[in-house]
Chemist: 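Input: one structure, supplied below.
Each chain gets a letter, A, B and so on, in the order its sequence line appears, and its residues count up from 1. Every value quoted in this text rests on a predicted model; they were computed, and no experiment measured them.
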Amino acid sequence: PGSAAPAALAPPPGPPGTRWQPGHPGAATAAATVPLPHPHRSARPAVPRQPVQWLYPSLEAPGASLPPEPEQCPVIDSQGAGPAGTLDLVGSLPVEERSLEQVQSLVLGEVLKDIETACKLLNIAADPADWSPGNVQKWILWTEHQYRLPQLGKSFQELSGRELCAMSEQQFCERSPACGDVLHAHLDIWKSAAWMKEKAAPGAGRYCAGDGAWTDSEVDSSCAGQPIHLWQFLKELLLKPHNYGRFIRWLNKEKGIFKIEDSAQVARLWGIRKNRPAMNYDKLSRSIRQYYKKGIIRKPDISQRLVYQFVHPL
DNA sequence: AAAGAGGAAAATC
DNA sequence: GATTTTCCTCTTT
């Protein structure tokens, strides 16, 4: 197994002229266009020059173990780059092998982190082979949402994870001509991640990059099996500003005040999680309002639109 | 127009 | 039985 080298993520094939926004949820994963520590691919996509600019300085100061925030990432646009740019990374810049490895593990760490985050959010296993048809549907919806892919409808319904993994890129494209290729590439990354995880750490799902060990293992207190509550879900999103800061974010973390920046997207994520495709902010907000009398969430003293407050922070 | 409040009832576990 | 979803009316921003 595991022969699949993660294909570079194509940027979301949005409308013509659309570029990836800085701070797009997929920005970190986009960095996967840097070759991962896998055997070579014949047709490796071009490495845009931009990522080097933000990756390189962080190599100069290995003390700064924190990965660069996507908000500071320049727009990554691999569409314009031709297939010729690939080796420029090594050719034009005297990057030491060691440094390159650091870049790779940094990128890889980001990818694995994003996958872990998604697993928790969706409540699915990391290994696609373990997915039920329901899990597959969730993953597709989530990926579709995360990368603004065109709607797929039910073209992948009733497929188990194992069946999905066995499908070729062509088969993906048959089911979804619009973005089967991108989906397949994403699944490829998940497959590789699961494979590497298995190989590297048979014990815990932990990954450390360079000096910084910035992954906590199974510290979270999500009671297994119990259906998740909306307030828990919101806290989970708030915990990952890197991934969801564009949708929901703290205004005052200490006081538990948060703002929903994109009500439609938050509702959609909640709907994916709960298998409620018709979820919208109207209904989600009604659920939040149920928390008023229960003393879980309230409106802050100075009431503002889309701003709520956890009664008991921490 | 979108967000907010809250009653009522169905759905879901 | 508690929580959430759905639907609804009315008010506020």
Chemist: Go through B:dA5, C:dT5, C:dT6 for me and flag the one nearest to the A:Lys299 side chain.
Modeler: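 Shortest atom-to-atom distance from the side chain points to B:dA5.
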Chemist: In whole Å, I'd like the distance from the CG atom of A:Asp282 to the C1' atom of B:dA8.
Modeler: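 Whole-Å distance recorded here is 15 Å.
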Chemist: Identify which one of A:Leu121, A:Leu234, A:Val266, A:Leu238 satisfies the side chain to side chain contact (heavy atoms under 4.5 Å, CB included) criterion when paired with A:Tyr244.
Modeler: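 Going through A:Leu121, A:Leu234, A:Val266, A:Leu238 one by one, the side chain to side chain contact (heavy atoms under 4.5 Å, CB included) with A:Tyr244 is satisfied by A:Leu121 alone.
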Chemist: Counting the atoms with a prime plus P, OP1 and OP2 as sugar-phosphate, which does A:Trp231 contact under 4.0 Å by heavy atoms, base, sugar-phosphate, or nothing?
Modeler: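 Nothing, no heavy atom under 4.0 Å.
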Chemist: For the side chain of A:Ala278, starting at C-beta, report the closest nucleotide among C:dT6, C:dC8, C:dT5.
Modeler: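 Of the candidates, C:dT6 comes closest.
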Chemist: Need the bend value for the helix from B:dA1-C:dT13 to B:dC13-C:dG1: angle between end axes, 5 pairs each end, nearest 10°.
Modeler: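 It works out to 30° between the end axes.
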Chemist: Less than 4.0 angstrom between a side-chain N/O of A:Tyr291 and OP1 or OP2 of C:dT4, yes or no?
Modeler: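 Yes, because at least one side-chain N or O of A:Tyr291 sits under 4.0 Å from OP1 or OP2 of C:dT4.
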Chemist: Using 0.5 Å steps for rounding, measure from the CD1 atom of A:Ile257 to the CD atom of A:Gln309.
Modeler: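 Here the rounded value is 4.0 Å.
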Chemist: Atom CD of A:Glu144 and atom CG of A:Leu183: how far apart are they, to the nearest 0.5 Å?
Modeler: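 Rounded to the nearest 0.5 Å, the CD-CG separation comes to 8.0 Å.
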Chemist: Check whether any side-chain nitrogen or oxygen of A:Lys274 sits under 4.0 Å from OP1 or OP2 of C:dT5, and answer yes or no.
Modeler: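 So the side-chain polar atoms of A:Lys274 do come within 4.0 Å of the phosphate oxygens OP1 or OP2 of C:dT5, strictly under.
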Chemist: Take A:Ser263 and A:Arg289, find for each the nucleotide of DNA chain B with the closest heavy atom, and name the residue whose nucleotide sits nearer the 5' end.
Modeler: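 By nearest-heavy-atom nucleotide position, the 5'-most residue is A:Ser263.
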Chemist: Could you tell me the separation between the OH atom of A:Tyr281 and the C1' atom of B:dA5, rounded to a whole number of Å?
Modeler: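 Checked: the OH to C1' distance equals 12 Å.
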Chemist: Go through C:dT4, B:dA3, B:dG6 for me and flag the one nearest to the A:Leu306 side chain.
Modeler: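 Out of C:dT4, B:dA3, B:dG6, the nucleotide with an atom closest to A:Leu306's side chain is B:dA3.
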Chemist: Look at all strands and tell whether A:Ser285 reaches a base, only sugar-phosphate, or nothing, counting heavy atoms closer than 4.0 Å.
Modeler: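 Nothing: the residue A:Ser285, judged by heavy atoms under 4.0 Å, touches no strand.
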Chemist: Specify the separation, in whole Å, of atom CD1 of A:Ile260 and atom C1' of B:dA2.
Modeler: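 The answer, rounded to whole Å, is 13 Å.
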Chemist: Tell me what A:Leu230 touches on the nucleic acid: a base, only sugar-phosphate, or nothing, going by heavy atoms under 4.0 Å.
Modeler: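 Counting heavy atoms under 4.0 Å across all strands, the contact made by A:Leu230 is with sugar-phosphate only.
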Chemist: So, is the end of the A:Lys299 side chain (NZ or CZ) under 6.0 Å from the ring centre of A:Tyr308 and within 45° of the ring's axis?
Modeler: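 Ring-cation test returns yes.
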Chemist: Just how far, in rounded Å, is P of B:dA5 from CZ of A:Arg298?
Modeler: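 So the two atoms are 12 Å apart, to the nearest Å.
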Chemist: What is the distance, rounded to the nearest whole Å, between atom CG of A:Asn280 and atom C1' of B:dA3?
Modeler: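 For the pair A:Asn280 CG and B:dA3 C1', the rounded distance is 12 Å.
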Chemist: When the distance from CZ of A:Arg273 to P of C:dT3 is rounded to whole Å, what number comes out?
Modeler: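 One finds 18 Å between P of C:dT3 and CZ of A:Arg273, rounded.
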Chemist: Decide yes or no for A:Glu254 and A:Pro313: does some side-chain heavy atom of the first lie under 4.5 Å from some side-chain heavy atom of the second?
Modeler: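 No, side chains not in contact.
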Chemist: How long is the span from the CD1 atom in A:Ile115 to the NZ atom in A:Lys113, to the nearest 0.5 Å?
Modeler: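 A:Ile115 CD1 to A:Lys113 NZ: 13.0 Å, rounded to 0.5 Å.
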Chemist: Among B:dA1, C:dT4, B:dT12, which is the nearest nucleotide to the side chain of A:Arg305?
Modeler: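 Among the listed nucleotides, the one closest to the side chain of A:Arg305 is B:dA1.
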Chemist: B:dG4 C1' sits how many Å from A:Ile297 CD1, rounded?
Modeler: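 Roughly 14 Å, once rounded to whole Å.
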Chemist: Holding to side-chain contact (heavy atoms from CB on, under 4.5 Å), I want the full list of residues that pass it with A:Leu239, two or more places apart in sequence or in another chain.
Modeler: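 Listed in chain order: nothing, the list is empty.
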Chemist: From the list B:dA5, B:dA3, B:dG6, which nucleotide is the closest neighbour of the side chain of A:Arg286?
Modeler: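 Output: B:dG6.
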